[in-house]
There are 2 protein chains.
Amino acid sequence: MTIKRTPKRLKLGRKSVSELVVVRLILYRRILRDLAFSGTRYVFSHQLAALADVTPEQLRRDLMNVRYEGSPTRGYEVVVLEECIGAFLDPPTAQAVALVGVGNLGRALFAYFLGRRPLLQIVAAFDIDPAKVDRMINGCPSYHISEARTVMREKGINVAMIAVPAAAAQSVADTLVDAGVRSLLNFADVRLRLPPDVYVEHIDIGVTLEKVAFFARRPAAAEKDMGSP
Amino acid sequence: MTIKRTPKRLKLGRKSVSELVVVRLILYRRILRDLAFSGTRYVFSHQLAALADVTPEQLRRDLMNVRYEGSPTRGYEVVVLEECIGAFLDPPTAQAVALVGVGNLGRALFAYFLGRRPLLQIVAAFDIDPAKVDRMINGCPSYHISEARTVMREKGINVAMIAVPAAAAQSVADTLVDAGVRSLLNFADVRLRLPPDVYVEHIDIGVTLEKVAFFARRPAAAEKDMGSP
DNA sequence: TTGGCGCTGTGAAACGCATAACAGCGTTCT
DNA sequence: AGAACGCTGTTATGCGTTTCACAGCGCCAA
Ligand SMILES: NC(=O)c1ccc[n+]([C@@H]2O[C@H](COP(=O)([O-])OP(=O)(O)OC[C@H]3O[C@@H](n4cnc5c(N)ncnc54)[C@H](O)[C@@H]3O)[C@@H](O)[C@H]2O)c1
Ligand SMILES: NC(=O)c1ccc[n+]([C@@H]2O[C@H](COP(=O)([O-])OP(=O)(O)OC[C@H]3O[C@@H](n4cnc5c(N)ncnc54)[C@H](O)[C@@H]3O)[C@@H](O)[C@H]2O)c1
């Protein structure tokens with residue numbers, strides 16, 4: 001069977017927005033938050049682009065998706081632009097997130113997301129180990145994985161992170177989808193196979209480290225390509 | 001100042017290989033390892049492609065970079081293909097990796113990489129907290145960050161992972177580059193600015209979760225587009 | 001006031017990548 | 001035997017994204 005690989009997009013209103021644009025908008029907004037926090041009022045495209053490590057042209061093109069225009073003389077007003085990107089990105093209501101697998105990585109993730117994003121909070125943890133369920137973890141209740149369906153429905157969770165061993169990941173993912181989860185972030189080093197209407201993102205740290213190690217061996221000066229034709 | 005954004009490539013012999021191809025080759029090899037472990041002898045492109053979640057055409061195209069041809073009747077011999085990809089990817093000698101920041105994430109990473117990759121091992125940890133240095137962590141010595149330069153030279157480390165708070169990440173990265181690191185994997189949620197001959201990869205879990213949450217809100221049936229022609 | 005400057009927004013071209021299409025060929029079944 | 005099948009390796013096509021280039025326009029300096 002051939003895999004149909006349509007680029008993931010989300011139609012919003014009339015326009016369709018690329019996945020890459022969404023990621024960069026999220027990044028821009030985070031940088032804008034920091035700028036606002038540090039008291040910066042206005043910012044030019046080349047400044048913001050430098051902080052995000054993109055070209056100014058791409059930044060401006062990305063901002064075309066947001067309903068806000070900057071001034072040629074002052075640039076963009078930091079807080080206004082941040083709000084406009086937020087209006088584009090944020091859900092109408094806060095989204096609840098579940099975390100499955102309270103192991104080494106799972107606990108680190110808890111610590112990381114603790115009080116970080118107000119409208120994107122971990123509200124339920126799941127595990128299969130009796131010693132780890134029916135407790136509070138960083139102020140969040142943990143349940144046995146068999147209760148997933150009930151808890152998900154009850155709390156209206158439709159986003160989940162998977163941090164269980166690779167051998168259990170596919171089974172856990174199936175359970176979650178069955179429980180109504182529409183979108184997954186998977187840390188286990190297995191490619192999940194799921195219905196096409198479920199969005200899946202893989203963070204494969206092992207592969208990424210290998211990639212980084214591979215590119216550590218590239219020639220020092222990879223930029224110059226002329227010399228003797 | 002405008003950022004020149006040349007696609008990262010590595011010239012190997014004559015050919016230049018895309019970054020995306022490298023990532024997929026790493027993924028293929030891991031799957032081949034699992035297949036070999038489970039006793040599979042031969043595999044067809046469509047089977048391997050399904051496990052890697054790519055199309056068979058793309059898989060075959062990627063394999064063009066590797067010096068191995070499969071048989072139209074039996075497919076690819078698992079162990080041979082694995083070795084050929086390894087010959088393409090692996091360094092001539094084992095690579096030593098350093099980990100900076102022995103916090104929640106750092107310790108989880110230690111547990112994850114423990115004994116996982118024989119020729120890609122964490123051989124040194126660094127931190128700034130006196131309580132965390134000059135100890136053994138999962139059989140690996142930890143040093144104060146000020147010793148980075150000495151230890152790096154001594155152990156020939158040229159790859160490092162950064163798992164320190166965002167505020168310290170840029171400073172740590174500069175220190176590492178100064179100590180001779182050529183390639184970085186950064187987990188802190190800041191875009192690092194480094195010389196162009198240093199390879200940097202960002203794993204931005206916060207951004208990724210926001211992305212996943214965003215795409216949880218897409219229309220259920222984004223695939224069907226035909227109906228009345 | 002007016003000319004020049006620098007930034008924004010956006011159409012158009014260029015590029016890289018994935019997808020489709022095809023030639024070669026060993027196997028198998030009639 | 002020979003024809004049809006299925007898989008591989010490779011070339012060609014199409015698409016999406018990035019980059020280039022420029023029009024528009026407020027501000028500032030002269
Ligand atoms: N630790 C890391 O830094 C790291 C890095 C990259 C990837 N990963 C991946 O993340 C996953 C978890 O890593 P970890 O280090 O936390 O492992 P871990 O063994 O510490 O934790 C796994 C947890 O999952 C639970 N679990 C097992 N089967 C389950 C099931 N069917 N349902 C629910 N829970 C189940 C276990 O009880 C355990 O608490 C692994 O797939 C690993 O490859 C971890
Ligand atoms: N914990 C997670 O799951 C997670 C997820 C995504 C991103 N991150 C990012 O990873 C980084 C670390 O996260 P964490 O949860 O482990 O934080 P943490 O506070 O638990 O650990 C940070 C460690 O870095 C050390 N450190 C601080 N400054 C240093 C310096 N200048 N040099 C060397 N070491 C220094 C601290 O002593 C501490 O041990 C943060 O930037 C965080 O945003 C963490």
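In what follows, chains carry the letters A, B, and so on, assigned in the order in which the sequence lines appear, proteins first and then strands, with residues in each chain numbered from 1. Because only heavy atoms are used, hydrogens play no part in the values below, and waters and symmetry mates are left out as well, while side chains stay in. In this text the structure is predicted, and so the values were computed from the model without any measurement.
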Near B:Arg33 CZ, under 6.0 Å, is it more than 12 heavy atoms from other residues, nucleotides or ligands?
->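 More than 12 heavy atoms, drawn from other residues, nucleotides or ligands, come within 6.0 Å of this atom.
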Can you tell me if CZ on A:Arg116 sees more than 12 non-hydrogen neighbours from other groups inside 6.0 Å?
->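 Counting other residues, nucleotides and ligands, CZ of A:Arg116 exceeds 12 neighbours.
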Could you point out which residue of A:Asp62, A:Asp90, A:Asp34 forms a salt bridge (Lys or Arg N to Asp or Glu O under 4.0 Å) with A:Arg29?
->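 For A:Arg29, the salt bridge (Lys or Arg N to Asp or Glu O under 4.0 Å) test succeeds with only one of A:Asp62, A:Asp90, A:Asp34, which is A:Asp90.
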Separation of [X] atom [atom1] from [N] atom [atom2], in whole Å?
X       : N      : atom1 : atom2 : value
B:Leu48 : D:dC7  : CG    : P     : 14 Å
B:Arg60 : C:dA18 : CZ    : P     : 15 Å
B:Met64 : D:dC7  : CE    : P     : 20 Å
B:Arg67 : D:dG9  : CZ    : C1'   : 12 Å
B:Glu57 : C:dA21 : CD    : P     : 10 Å
A:Glu69 : C:dG9  : CD    : P     : 5 Å
B:His46 : D:dG9  : NE2   : C1'   : 17 Å
B:Leu63 : C:dA18 : CG    : P     : 14 Å

Using the ring of each side chain (for Trp, its six-membered ring), is A:Tyr199 parallel, tilted or perpendicular to B:Phe215, with breaks at 30° and 60°?
->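 The rings of A:Tyr199 and B:Phe215 lie parallel, inter-plane angle below 30°.
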Look at [X] and [N] and indicate whether a side-chain polar atom (N or O) is within less than 4.0 Å of OP1 or OP2.
X       : N      : value
B:Thr73 : D:dC7  : no
B:Tyr42 : D:dT8  : no
A:Thr55 : D:dT18 : no
B:Ser45 : D:dT8  : yes

Listed nucleotide nearest any side-chain atom of [X], set [options]:
X       : options                : answer
A:Tyr76 : D:dT10, C:dG9, C:dC7   : C:dG9
B:Gln58 : D:dG9, C:dT19, D:dT19  : C:dT19
A:Pro72 : D:dT10, C:dC17, D:dG24 : D:dG24

Checking all strands, does B:Leu20 fall into the base, sugar-phosphate, or nothing category for heavy-atom contacts under 4.0 angstrom?
->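 Sugar-phosphate contact only.
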For A:Arg74, report the nucleic acid contact type (base, sugar-phosphate, nothing); a contact means any heavy atom under 4.0 Å.
->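 No contact.
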What about A:Arg61, does its side chain sit under 3.5 Å from the base of C:dT10 through a donor-acceptor pair?
->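 Counting by modelled atom types and ignoring angles, no donor-acceptor contact under 3.5 Å is found here.
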Is any side-chain N of the basic residue among B:Lys211 and B:Asp204 closer than 4.0 Å to the acidic one's carboxylate O?
->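 Salt bridge: no.
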B:Tyr68 or A:Arg24: which one's nearest nucleotide on DNA chain D is closer to the 5' end?
->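 In this pair, the answer is B:Tyr68.
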